[in-house]
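I have placed the structure first, in the form of structure tokens, so that the comments after it can refer back to it.
Residue numbers run from 1 in the order of the sequence given. Basis for what follows: all heavy atoms, side chains included, without hydrogens, waters or symmetry-related copies. When a ligand or atom number is given, it counts from 1 through the structure's own listing order.
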Amino acid sequence: MKYFSLNDKSHISNYENAVIRGLAPDKGLYFPQEIRKLPATFFNELQHLSSEEIAFEAIKSFVGNEIPENELKGIISQTLDFDFPVAEVEENVGTLELFHGPTLAFKDVGAKFMAGSLGYFIKKGDLGKITVLVATSGDTGGAVANGFLDVEGIDVVILYPKGKVSEIQEKQLTTLGRNIKALEVNGAFDDCQDMVKKAFLDEEITSKSKLTSANSINVARWLPQMFYYFFAYKQLQKRDQKLVFSVPSGNFGNICAGMLAKKMGLPIDHFIAANNANNSVTEYLDSEIYKSKPSIPTISNAMDVGNPSNFVRVQQLFENSFPHLKESLSSYSFTDEETREAMQRVFEKTGYVMDPHGAVGYLGLKRFQKENPDYYGVFLETAHPVKFLNTVESTIDQKIQIPGSIQQIMGKSKVSKEISSYEDLKNYLLN
Ligand SMILES: *Cc1c(COP(=O)(O)O)cnc(C)c1O
């Protein structure tokens, strides 16, 4: 498959190069040149296909012959070693639980698939060592650390803001060791992000080591997220009802992958981008004016993004037509107070514990269904409530059970190096 840069369509790349580079040389995001419809037989036989078979059929055209079939199947089976159940929460409201993976948030799938792809290209070619450099506000770091652990030829360097990630998140990215290094930055997430961006442009560094990034701008992290929508649809196929997905959105990688699945023929009728106070896209759909904003801290902090990097991909999927986009996408924004109220209400009424991100998704869905009651709706639960333990326990006034895998990690000791400036990062990478 060929990919073009969204900044300059004449800049073409193959899958391998897009994965290794992350961004095109002109800093544009890569986008597939062709989006093929899946055959009707695929949907007719869906009930008889395993998750791995569904994933393989969905992604194979995007990888093409650059990874042999058997290798690709191996990567997929390592990626999908857990379940993606749809749980019924209320009448006409289901939740797709994406938190049963090793780091308890949905980013595990993308991180593992990217690690598998990059690992294959390193093994095959003579690329030398590659350094994955990534800034995290919380969940990306753990997923990337776990996904890339012990992948031959790859070192991972994770920058995270000191004191601004949850205790569980910090343990997940600082206790694995081996090829995973954690840098604790005296600053905010934006400082981490700026340092990473600067390093990518610093020739003193890039002439000495190959750097790549592992956030959802990378096609190998973005594309496999479409699997979720196929897995959910398989569980809902028997219903004869229009279907809407509400996706708690930050950088818009997840929702954009769902829209890609729809373009491939998956019968989804509508999408909802559920936002916290960081609502650039909600405002855009209301006003047709897009304004990026500085990010505002909220209790659903993985969505505290003022300028969503994948939104240009969403627009491209609709050929940059605002009316077409608006037909398929609604967006609503909610305050922390509304989010907490929803968590309380749903817990009291049904016993279901939502994390703050899922709760924003739930609110988006309910708002949409008020005017569109004929839809069956699914909101994505993007993280296990235990990842936001303090917020969840104080909100629903109830202790929640900590899974065994987390208890184990909490007992390990953190290894990180503190840095305060770009110079510190540069010295670290050059040595
Ligand atoms: C990353 C993340 C999101 C946002 O996903 P995007 O693909 O960036 O829109 C939402 N919820 C949780 C828990 C996350 O970790």
Side-chain angles (χ1 to χ4, degrees), residues 29 95-111 113-114 134-147 158 160 164-166 168-169 172-173 189 193 213-229 245-261 271-282 295 298-314 329 331 333-334 339 343 353-364 379-389 391-392:
L29 272 69
T95 180
L96 172 61
E97 296 183 342
L98 299 177
F99 55 70
H100 295 283
T103 73
L104 309 181
F106 83 93
K107 292 183 174 73
D108 281 323
V109 165
F113 190 84
M114 182 182 163
V134 70
T136 183
S137 61
D139 286 334
T140 299
V144 167
N146 180 77
I158 301 167
Y160 73 98
K164 296 193 177 67
V165 301
S166 78
I168 290 173
Q169 288 173 329
Q172 284 180 333
L173 53 95
F189 169 65
Q193 183 104 303
S213 134
N215 47 41
S216 56
I217 57 165
N218 195 300
V219 293
R221 243 204 74 189
W222 168 54
L223 291 169
Q225 301 180 141
M226 72 169 122
F227 300 159
Y228 311 141
Y229 301 84
F245 279 88
S246 177
V247 187
S249 295
N251 266 320
F252 280 67
N254 193 352
I255 194 168
C256 185
M259 292 171 152
L260 184 70
F271 286 92
I272 300 158
N275 290 140
N276 58 27
N278 296 278
N279 61 357
S280 312
V281 172
T282 309
S295 62
T298 72
I299 56 168
S300 47
N301 61 14
M303 313 187 330
D304 295 350
V305 180
N307 188 17
S309 50
N310 282 288
F311 195 60
V312 285
R313 281 186 174 136
V314 171
L329 176 69
S331 179
S333 142
F334 301 95
T339 307
M343 290 163 70
V353 180
M354 302 189 293
D355 97 291
H357 304 77
V360 172
Y362 169 85
L363 284 167
F379 68 95
L380 274 52
E381 245 306 358
T382 45
H384 193 295
V386 80
K387 281 200 103 165
F388 304 93
L389 194 65
T391 306
V392 174

Could you tell me which residues satisfy ring-ring contact (aromatic ring centres under 6.0 Å, His included) with Phe311, sequence neighbours excluded, listed by chain and number? Phe252, Tyr284, Tyr290
Strictly by modelled atom types, are Asp139 and Gln169 linked by a side-chain donor-acceptor pair under 3.5 Å? yes
How are the rings of His357 and Phe388 set relative to one another: parallel (under 30°), tilted (30 to 60°) or perpendicular (over 60°)? tilted
Could you note down all residue pairs passing side chain to side chain donor-acceptor pair (under 3.5 Å) where residues 216-228 supplies at least one of them, sequence neighbours left out? Ser216-Asn310
Do we see a donor-acceptor contact under 3.5 Å between the side chains of Asn278 and Ser295? no
Under the rule for side-chain hydrogen bond (donor to acceptor under 3.5 Å, both in side chains), what residues qualify as partners of Glu97, not counting sequence neighbours? His100, Tyr352
Might you list the protein residues in contact with ligand 1, defined as having a heavy atom under 4.0 Å from one of its atoms, sorted by chain and number? Phe106, Lys107, Asp139, Pro248, Ser249, Gly250, Asn251, Phe252, Gly253, Asn254, Ala302, Met303, His357, Thr382, Ala383
